[in-house]
There are 2 protein chains.
Amino acid sequence: MNTLFDDSIADGEPDATQLILTDIQSGMFQPGAWLKQIDLEARYGRGRNEIRRALDRLAQKRIVEHVPNRGYHVYQADGKQADDIAEIRIMLETGIVPKVVANATAGDIRNLRALANRFESLILHGTVLELYEANLNFHRAFMQLSGNGELDSVIAELRQRTSSAPVSQWKTRARVEQSAREHHEMVDLLERRKPDKLKTLIENHIRQR
Amino acid sequence: MNTLFDDSIADGEPDATQLILTDIQSGMFQPGAWLKQIDLEARYGRGRNEIRRALDRLAQKRIVEHVPNRGYHVYQADGKQADDIAEIRIMLETGIVPKVVANATAGDIRNLRALANRFESLILHGTVLELYEANLNFHRAFMQLSGNGELDSVIAELRQRTSSAPVSQWKTRARVEQSAREHHEMVDLLERRKPDKLKTLIENHIRQR
DNA sequence: TTCTCATAAATTGGTACCAATTTTGGATCA
DNA sequence: TGATCCAAAATTGGTACCAATTTATGAGAA
């Protein structure tokens with residue numbers, strides 16, 4: 001569950017921002033696609049106002065791009081930006097490793113193992129979006145062991161900024177399976193308290209190589 | 001100049017978001033203060049709509065807090081949050097030091113020295129806001145030597161999240177003067193290419209101790 | 001045919017009004 | 001005197017309409 005735009009009161013009425021974002025992340029709206037207000041209105045059954053507010057919020061987060069009087073388009077990050085964002089994620093996710101290693105209890109490690117298993121099992125029977133969410137959940141749970149409550153929102157935002165189409169993140173089946181293996185390896189290294197090896201693994205995991 | 005909300009077309013008509021943000025940063029609106037829509041409308045001479053959009057944007061960035069049907073209040077971060085954000089800033093600003101050291105030319109160093117001087121001179125003759133901007137400019141110029149174009153927006157957002165009242169950041173005159181000295185010291189260490197000493201200095205500089 | 005210009009359609013963006021909710025003030029009753 | 005409840009005022013939030021801008025369409029001339 002994506003909690004960055006958690007403005008919904010009950011689960012029966014999710015915010016339009018979240019709906020549009022999900023459609024972008026699922027690949028429904030490709031990078032560069034024109035998000036016409038009337039179409040969104042019809043698609044989600046929401047008023048013009050809510051759609052406009054949602055688009056403005058997504059534009060603030062640089063998930064969509066806004067050109068005055070010409071509408072909103074799904075943002076497409078170029079290679080340089082993707083690399084820069086990966087670099088920032090590496091600094092943060094490796095930077096907190098010492099604290100994670102220090103804080104992780106046996107229960108935490110069991111929980112992480114479960115999340116890694118869930119990701120692995122979804123390779124076969126899950127949708128792309130479910131896979132994306134499961135991956136997010138694993139990394140989130142890992143980060144939260146740092147005890148830094150702000151880190152989550154920062155990294156969540158960074159992720160969204162690149163992976164406008166997270167579909168393209170795991171191009172091949174082999175790559176997804178390697179990600180799953182690396183998740184397990186991360187848990188192993190955490191259990192064996194090897195911060196340095198963990199750091200290099202995370203770096204390679206984020207760089208996808 | 002704060003460029004996070006750079007939606008203004010000409011300089012004659014700055015976005016209401018920027019105006020409100022500046023008033024928060026200058027201490028005009030203290031943490032916890034109630035931002036009544038009618039008052040803001042009158043204060044900035046803008047329509048209701050623009051005010052509402054501005055408040056929504058600030059709420060998204062967690063600079064103000066929104067309670068449905070009860071309005072917007074200036075967010076007040078507690079001590080834990082401030083510490084968490086400081087920790088993130090330290091990871092990022094020390095993490096890029098190697099790249100900064102590698103990239104910095106003699107011209108870059110002259111430029112940084114000038115910005116450090118500007119901050120120093122504003123201690124006597126500048127307003128709190130000018131001091132805040134000068135400090136921001138120094139740190140920005142430093143970061144941008146890393147070549148990472150995304151880092152700027154990430155850190156700018158982090159800064160805004162804590163320093164709702166940047167006034168309170170430099171409580172005493174002595175503290176401001178120490179900051180100015182540390183800026184110069186940063187430039188010195190950069191010039192002498194001492195990444196490790198630079199890292200510890202930056203850490204202490206952000207922690208303000 | 002093809003380019004240009006004028007007209008019409010579509011889309012975005014802003015304004016004004018109205019409904020819903022909350023807060024305030026005061027009157028009534030214990 | 002103090003608490004409770006009701007009515008009025010204030011505030012927020014949403015909807016509908018209209019203006020501004022852009023894009024599409026088609027007619028006419030080279």
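Below, chain A is the first sequence line, B the second, and so on; all start at residue 1.
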- To the nearest Å, how far apart are A:Glu50 CD and D:dG14 C1'? 10 Å
- Do B:Tyr44 and B:Asp23 have a side chain donor and acceptor closer than 3.5 Å? yes
- Item | Closest to the B:Arg53 side chain, choosing from C:dG13, C:dG14, D:dG13 | C:dG14
- Query: When you measure from the side chain of A:Arg52, which nucleotide among C:dT11, D:dG13, C:dG14 comes out closest?
  - Reply: C:dG14
- Query: OP1, OP2 of D:dT12 versus side-chain N and O of B:His66: anything below 4.0 Å?
  - Reply: no
- Message: Less than 3.5 Å apart, any donor N or O on the side chain of A:Arg52 or A:Gln37 sitting next to an acceptor on the other?
- Response: no
- Whether B:His183 and B:His139 hold their rings parallel, tilted or perpendicular, with breakpoints at 30° and 60°: perpendicular
- Query: Over how many whole Å does the gap from A:Arg48 atom CZ to C:dT12 atom C1' extend?
  - Reply: 7 Å
- Tell me whether the OP1 or OP2 atom of D:dG13 has a side-chain N or O from B:Gln37 closer than 4.0 Å. yes
- Query: Considering only side-chain heavy atoms of B:Tyr72, which listed nucleotide, C:dT12, C:dG13, D:dG13, is closest?
  - Reply: D:dG13
- Message: Whole angstroms only, please: what is the CD-P distance between A:Glu65 and C:dT12?
- Response: 15 Å
- Query: Considering only side-chain heavy atoms of A:Lys36, which listed nucleotide, C:dT11, D:dG14, D:dT12, is closest?
  - Reply: C:dT11
- Whole-Å gap separating P (D:dG13) and CG (B:Asp56): 10 Å
- To the nearest Å, how far apart are B:Asn49 CG and C:dG13 P? 12 Å
- Task: Measure the distance from CD1 on B:Ile38 to P on D:dG13 and round it to the nearest whole Å.
- Result: 12 Å
- Message: Just the rounded figure in Å: distance from C1' of D:dG13 to CZ of A:Arg46.
- Response: 16 Å
- A:Arg70 side chain, from C-beta outward: closest of D:dT23, D:dG14, C:dT12: D:dT23
- Backbone of A:Asn148 reached by a side-chain donor or acceptor of B:Asp84 within 3.5 Å: no
- Check: A:Ser153/A:Glu157 side-chain N/O donor and acceptor closer than 3.5 Å: no
- If only side-chain N and O atoms of B:Trp34 are considered, is one of them under 4.0 Å from the OP1 or OP2 phosphate oxygen of D:dT12? yes
- Note on the structure: Atom CD1 of A:Ile51 and atom P of C:dT11 are separated, to the nearest Å, by 15 Å
